[in-house]
Student: 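Dropping a structure here in structure tokens format, bear with me for questions.
Predicted model only: the values in this text are computed from it and were never measured. Just so it is clear, the values below take in all heavy atoms, side chains as well, and ignore hydrogens, waters and symmetry mates.
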Amino acid sequence: MDIDPAWLPPAAFRAVGGRRTLVRGAGPLVDTVRGEVAAACERFGGRMVPEEARADLVLVLTGDTGDEGFACVRADGTTTVTASGGPGLLYGLFHVVRLGEDAFRGERAREEHRPAVALRMLDHWDNVAVHPVMGQVERGYAGGSLFWSDGRARGDLERVRAYGRLLAACGINAVAVNNVNVHETEARLLTDRIGEVADIAGALRPYGIRTHLSVTFAAPVVLGGLPTADPLDERVRAWWAGATARVYEAIGDFGGFVVKADSEGRPGPFAYGRTHADGANLLAAALAPHGGTVHWRAFVYDHRQDWRDRTTDRARAAYDHFVPLDGEFAANAVLQVKHGPMDFQVREPVSPLIGAMPRTRLAVEVQATQEYTGQQRHVCWLGPMWSEALRFRPDGEVSAGRLADGLVAVSNVGADPFWTGHPLAQANLYTFGRLAWDPAADPRAVLGEWIALTRPEAPARLVAGLRAVLDGSWRTYEKYTAPLGVGFMVQPGHHYGPSVDGYEYSPWGTYHFADRDGVGVDRSAATGTGYASQYAKPWSELYESPDTCPDDLLLFFHHVPYGHVLHSGKTVIQHIYDTHFEGVEEAEEARRVWAGLTDLVDAAQHARVADRYEEQVRCAREWRDQVNSYFLRKSGVPDERGRTIH
């Protein structure tokens, strides 16, 4: 089976490929631009023209700054893209591809385009060696790794290059090629196996993608034979400096390191009585002479807490650990913060850490791989969720997207022929890239871009059908899973399917505290864990009281009776019943819509999606029945509409 072209099918280049194009400039990325245009012209009958000839499209590099911005204007029958750096010219070409025929109609005033966020990155949780529990790709739902197979780098670098092309077309400029949980085999990528990483970097480089590597904080012990990894030990500092210099000898444009430390059993600076700023700055110092960046994940919490202790709150952990360190991190250290305080749930408040560290560079991390949102067996387009988080204004004025120095997504891509396992999950990857470029973008406009690029000649019925099954799918998934922001309720370990009490008595700190009288976690300052007070006003005041807390986050912040009346006018218990029935009905309707598109979609792709819809509907019904039955038995309150609850 051929690799799916995703949002770059040949037909997407028809408008460019049918015209006369001049490409002016030199350099590796200009060569990429020239190659893209030449291939399109060969297919659609256009031609590359010399300087003196009249051109319909002119792509001009005016310098070699490495800048990512570009300008586009149309006058006197010519569309002109100018950029002062190779990356900008590449992004300018893909901008014209997105515009299609509109790029060549009428006049177009000069527009300047520049990414709002400099670091736009994907983290691959790929293992070189197959892990006995997590497999080849941790939380991977799209087959094996693009990069690794049988304990070594794949030889199929053409596929990696094609991946880099897809990423550049939506604005992503960096990839970390291995799991943040760095095991023994993966640790060696930093030293004697750096050549394998260099080969991958070489395949991504023509599309402006810088390669990053996840490393273990304990590398000086594991790889260097030192007795310690203490970040203030001079031997440790010297070891990291030497190892990093050798990385740059192999990969001159290497992006830097990603580190998960003191988190879920990973080694870190706490073992030596040091702070996370000490740990991050150790690696930042090693990277600084080479222009590299350390991405230090803020996912640090007690995963061995006593479920009986209601004063311990996992949601508080990142803020409590890191806010006291504001201003202590090096300039080339980026603190990578999950967009919510827990773990990529279908509904969480935005992390209070975002906006609380004005003297520290922050990257906001989201999860494109659908660990808690259906594992790419369910349609769940996450653009609206991410947009809500990025538009959130922690201080009431400046959005999280504008505060961020970087946006990072855990990748949802694997070796599956459709890249993402579920073909419609490609929309999540594309949407992340476009929101990383412009966090203020309308996600529904981005979805329209994805549909138009992926199926450039789609009839109106197909376009409408795709919108119908994708737009709103996040809300549908939320309806039939955990209600009102309480989160989790999943099967432990693999996190797929319902288990209302699956984590209720676990050390992982993910509870809902349902009893006969009510449900939810009291995170108020007055009577609960105090988490609500981590927010600045007006949010701390809004979240503090169940009377003002938004309905969709009520159970995240408050323990309330089943008869508590929401702003919607429904009681909590009736909301649970109604949304779970509605969610299944919406999943069934989406399945019906997709079935009606069989004559408009490639047979293999239609069959893959249809098969996944069967599983989604089955699983949604299971969620509905388990959640509704659980709360009927807890509360004793019947469904006011008399529907069947087991």
Side-chain angles (χ1 to χ4, degrees), residues 125 127 131-135 138-139 179-184 186-187 214-218 221-222 228-231 258-280 296-325 335-338 340-345 348 351-353 365 367 371-372 410 482 486-496 499-515 520-523 528-531 534 556 559:
W125 287 355
N127 299 313
H131 188 270
V133 176
M134 290 300 179
E138 184 167 331
R139 308 305 179 190
N179 195 351
V180 292
N181 293 314
V182 182
H183 308 293
E184 182 178 0
E186 291 73 23
S214 294
V215 297
T216 174
F217 186 79
V221 176
V222 174
T228 180
D230 183 346
V258 179
V259 184
K260 177 179 178 179
D262 290 317
S263 175
E264 299 181 331
R266 309 313 301 168
F270 284 169
Y272 306 98
R274 311 303 187 189
T275 71
H276 277 255
D278 294 330
W296 190 272
R297 295 182 85 231
F299 189 50
V300 178
Y301 69 97
D302 179 8
H303 72 289
R304 295 189 179 92
Q305 72 181 65
D306 185 346
W307 59 268
R308 303 165 186 84
D309 176 12
R310 291 208 182 189
T311 64
T312 302
D313 184 1
R314 173 171 166 176
R316 290 187 56 109
Y319 186 103
D320 287 343
H321 280 305
F322 287 98
V323 166
L325 301 177
L335 191 61
Q336 192 161 303
V337 181
K338 290 190 178 188
M342 296 294 279
D343 193 11
F344 302 130
Q345 297 304 293
E348 294 185 51
S351 171
L353 197 56
E365 179 182 292
Q367 191 179 44
E371 179 180 357
Y372 294 101
V410 183
V486 75
F488 293 92
M489 295 187 174
V490 292
Q491 290 285 344
H494 57 71
H495 298 163
Y496 184 75
S499 179
V500 182
D501 280 339
Y503 280 104
E504 190 60 17
Y505 307 101
S506 85
W508 294 92
T510 57
Y511 314 124
H512 56 70
F513 297 135
D515 55 31
V521 184
D522 184 355
R523 292 189 163 103
T529 70
Y531 168 79
Q534 292 184 337
F556 189 94
H559 187 89

Student: Mind telling me whether His276 and His321 have parallel, tilted or perpendicular rings, with 30° and 60° as the class edges?
Tutor: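 Answer is tilted, since the angle falls between 30° and 60°.
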
Student: Val259 vs Arg266, test: side-chain contact (heavy atoms from CB on, under 4.5 Å). Steps then yes/no.
Tutor: CA-CA 10 Å; Val259 184; Arg266 309 313 301 168; over 6 Å; no

Student: Should His303 and Pro507 count as side-chain neighbours, where that means a heavy-atom distance under 4.5 Å?
Tutor: no

Student: How far apart are the closest heavy atoms of Lys338 and Ser351, and which atoms are they?
Tutor: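 Smallest heavy-atom distance, with atoms named: O-CB, 3.5 Å.
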
Student: Can you find a heavy atom in the side chain of Gln491 that is under 4.5 Å from one in the side chain of Tyr496?
Tutor: no

Student: Determine whether Val521 and His512 satisfy the following criterion, side-chain contact (heavy atoms from CB on, under 4.5 Å), listing intermediate values before the conclusion.
Tutor: CA-CA 6 Å; Val521 184; His512 56 70; 5.5 Å; no

Student: Ignoring hydrogens and geometry, is there a side-chain-to-backbone donor-acceptor pair from Glu365 to Val410 under 3.5 Å?
Tutor: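 No, because the side chain of Glu365 does not come within donor-acceptor range (under 3.5 Å) of the backbone of Val410.
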
Student: Can you list the steps and then say if Glu138 with Asn181 is a side chain to side chain donor-acceptor pair (under 3.5 Å)?
Tutor: CA-CA 9 Å; Glu138 184 167 331; Asn181 293 314; 3.0 Å; yes

Student: Find the distance between CD (Glu371) and CD (Gln345) and round it off to the nearest 0.5 Å.
Tutor: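 Reported to 0.5 Å precision, the distance equals 8.0 Å.
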
Student: Please identify each residue that fulfils salt bridge (Lys or Arg N to Asp or Glu O under 4.0 Å) with Asp320, with sequence neighbours left out.
Tutor: Arg316

Student: Tell me if the CD atom of Glu264 is crowded by more than 12 foreign heavy atoms within 6.0 Å.
Tutor: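 Yes, CD of Glu264 has more than 12 neighbouring heavy atoms, counting only those of other groups under 6.0 Å.
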
Student: Taking the six-membered ring of Phe513 as reference, does the cationic atom of Arg310 (NZ for Lys, CZ for Arg) lie under 6.0 Å from its centre and within 45° of its axis?
Tutor: yes

Student: At their closest point, which heavy atom of Val323 faces which heavy atom of Leu353, and how far apart are they?
Tutor: CG2-CD1, 3.6 Å

Student: Are Asp230 and Thr228 linked by a side-chain donor-acceptor pair shorter than 3.5 Å?
Tutor: no

Student: Could you tell me the separation between the OH atom of Tyr511 and the CG atom of Asp501, rounded to the nearest 0.5 Å?
Tutor: 12.0 Å

Student: Which distance, rounded to the nearest 0.5 Å, do you find between the CD of Gln336 and the NZ of Lys260?
Tutor: 11.5 Å

Student: Measuring from Asp313:CG to Tyr531:OH, what's the distance to the nearest 0.5 Å?
Tutor: 8.0 Å

Student: Minimum heavy-atom separation for Phe556 and Ala315, please, with both atom names.
Tutor: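 Here Phe556 and Ala315 meet closest at CZ-CB, 4.1 Å.
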
Student: Is there side-chain contact between Pro492 and Ser499, with heavy atoms separated by less than 4.5 Å?
Tutor: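 Contact flag for Pro492/Ser499 side chains = yes.
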
Student: Pick one: which of Tyr372, Trp508, Phe488 meets ring pair (Phe, Tyr, Trp, His ring centres under 6.0 Å) with His495?
Tutor: Tyr372

Student: Please find out if less than 6.0 Å separates the ring center of Phe299 from that of Tyr301.
Tutor: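 Yes, close enough.
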
Student: Can you see which heavy atom on Pro231 is nearest to which on Asp278, and at what distance?
Tutor: CB-O, 3.6 Å

Student: Once you round to the nearest 0.5 Å, how far does CD of Gln367 lie from CZ of Arg139?
Tutor: 8.5 Å

Student: Val180 and Arg297: side-chain contact (heavy atoms from CB on, under 4.5 Å), yes or no, with the steps?
Tutor: CA-CA 9 Å; Val180 292; Arg297 295 182 85 231; 3.9 Å; yes

Student: Got a second to check how far Phe322's CZ is from Thr275's OG1, nearest 0.5 Å?
Tutor: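 Answer rounded to 0.5 Å: 9.0 Å.
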
Student: Stepwise, does the side-chain contact (heavy atoms from CB on, under 4.5 Å) test hold for Asn127 with Glu186?
Tutor: CA-CA 7 Å; Asn127 299 313; Glu186 291 73 23; 3.6 Å; yes

Student: Relative to each other, are the rings of Phe344 and Trp125 parallel, tilted or perpendicular (30° and 60° limits)?
Tutor: tilted

Student: Between Asp343 and Arg314, does any side-chain N to carboxylate O distance fall below 4.0 Å?
Tutor: yes

Student: Show the nearest heavy-atom pair for residues Ala229 and Val221, with the distance to one decimal.
Tutor: N-CG2, 3.8 Å

Student: Do you know which two heavy atoms are closest between Val300 and Ala261, and how far apart they sit?
Tutor: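 In this case the closest contact between Val300 and Ala261 is CG2-O, 3.6 Å.
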
